[in-house]
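Step one of this worksheet: look at the structure below.
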Amino acid sequence: MSAQIIDGKKIAAEVNEDNRKAVSLLARDRNLQPGLAVVLIGEDPASQVYVNMKDRKCQELGIYSEKHVLDINASMPEVLSLIDKLNKDPKINGILVQSPPPPQIDEEKVIETIDPAKDVDCFHERNVGKMLIGKQDGFFPCTPYGIMILLERSGIDPCGKHAVIVGRSNIVGKPMMSLLVQKAAGANATVTCVHSRTKNLPELTRQADILIAAIGKPEFVTADMVKEGVVVVDVGINRVEDTDAKRGYRLVGDVKFDEVAEKASFITPVPGGVGPMTIAMLMQNTIKACKMQNKV
Ligand code: GUN
């Protein structure tokens, strides 16, 4: 079998077209403009790229955006005082602090300081709890939510399927388990999460009907670890040295694409798979935050 490519760029463009329409309706009917503040501490090159992409997408869709870049040595009081200011700012409906912050920053404390109503990342424990119990009045975290939409719009129903998630991060692995296992349309999967301490990892990944790779290790999932016909979603974005490439590196996922694509029925590419969806869902969450805060 040679896999069909799940085109994340195309599906994200469709979601963003809906987002653009929603923004223009809010302007026309309510005189409202959703607003997003993105906070970056330090100048990690990959984080800078992501933050700039988020900023640019806001501009494209008519969402007000503010980018706050703090010094790499910024103190906790500086960061918390910025969050406090953004919590109170009526122009700002969503706040995102790019992860990971530098080591002097207590990320958990920063997240807990964000007003849950503005927590468009769904990192705050109140929103994580709401997601887990299936409540709709919080947010869903952007990457796992984007993956659910990729599956849905590719005609893949997880109902009754065995979904195996490789990786247990708070940003992807754990919330992905939660969304896939929900008793809800587009979910209802049987979920296994494997990680660095799993003893028989390839034995478990070979059972997957849907395999989500989010372990942050370049080309970790190889063809011998999957079964014929599996649906593969690759969340990894890893820079690997490549002296032939103009920038000196190339991007690879957590899946050895060429050989796994030979066995899979569907597969997401890197780049152009999950990445664009994360940003599209962030835009959707920002619009939702604006609507909820204004009781639309
Ligand atoms: N770093 C990697 N992914 C994300 C994300 O979805 N949100 C934030 N805030 N930081 C990230």
Side-chain angles (χ1 to χ4, degrees), residues 8 12 15-16 35-58 63 65-70 72 74 79-80 82-83 86-87 92-103 105-116 118-125 127-128 131 138-150 165 167-176 178-179 212-218 233-239 251 253-254 268 270-271 273-286 288-289:
V15 173
N16 278 324
L36 175 69
V38 178
V39 179
L40 173 64
I41 310 163
E43 288 175 5
D44 172 69
S47 292
Q48 273 183 330
V49 171
Y50 298 140
V51 163
N52 288 337
M53 281 160 66
K54 290 166 186 173
D55 201 37
R56 207 170 324 127
K57 190 55 74 183
C58 281
I63 293 175
S65 82
E66 282 180 7
K67 188 169 78 173
H68 296 265
V69 182
L70 302 186
I72 181 106
V79 177
L80 295 186
L82 172 60
I83 302 291
L86 296 170
N87 279 343
I92 299 299
N93 305 111
I95 302 169
L96 174 149
V97 180
Q98 187 65 27
S99 182
I105 299 301
D106 176 353
E107 188 172 18
E108 218 170 276
K109 175 83 186 144
V110 172
I111 290 167
E112 294 318 317
T113 306
I114 296 172
D115 178 348
K118 297 191 176 185
D119 169 40
V120 284
D121 256 332
C122 189
F123 287 178
H124 192 287
E125 60 195 28
N127 289 318
V128 175
M131 168 190 57
F139 301 99
F140 296 148
C142 304
T143 299
Y145 189 17
I147 291 169
M148 298 303 282
I149 303 296
L150 275 184
I165 300 158
R168 54 175 161 181
S169 68
N170 285 342
I171 295 189
V172 185
K174 287 185 208 165
M176 193 76 249
S178 168
L179 292 183
I212 313 234
I215 196 161
K217 292 187 181 160
V233 177
D234 190 350
V235 183
I237 307 183
N238 308 289
R239 290 182 178 195
L251 294 177
D254 290 353
T268 63
V270 176
V274 174
M277 291 304 290
T278 298
I279 298 182
M281 304 329 288
L282 175 67
M283 301 297 116
Q284 187 171 307
N285 278 351
T286 303
K288 183 179 187 188

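Just so you know, ligand 1 is whichever comes first in the structure, and atom 1 is the first atom listed for that ligand. All of these numbers come straight from a predicted model, not from anything done at the bench.
- A side chain to side chain contact (heavy atoms under 4.5 Å, CB included) with Phe123 is found for one member of Asn170, Ile114, Val128, Ile171 and no other, namely Ile171.
- For Asn285, there are no side-chain hydrogen bond (donor to acceptor under 3.5 Å, both in side chains) partners, not counting sequence neighbours.
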I'd like a table of donor-acceptor pairs (distance under 3.5 Å, sequence neighbours excluded) in which one partner is a side-chain atom from residues 93-102, with atom names and distances.
from  : atom 1 : to     : atom 2 : distance (Å)
Asn93 : OD1    : Gly35  : N      : 2.9
Asn93 : ND2    : Gln293 : OE1    : 3.0
Gln98 : OE1    : Lys54  : NZ     : 2.7
Ser99 : OG     : Glu107 : OE2    : 2.8

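- If you check the side chains of Asp234 and Thr268, you find no donor sitting under 3.5 Å from an acceptor.
- In this structure, Gln48 has no side-chain hydrogen bond (donor to acceptor under 3.5 Å, both in side chains) partners at least two apart in sequence or on a different chain.
- Using a 4.0 Å heavy-atom criterion, the residues that approach ligand 1 are Leu96, Val97, Gln98, Ser99, Asp121, Phe123.
- Checking Ile111, Thr113, Asp115 one by one against Ile83, the side chain to side chain contact (heavy atoms under 4.5 Å, CB included) holds for a single residue, Thr113.
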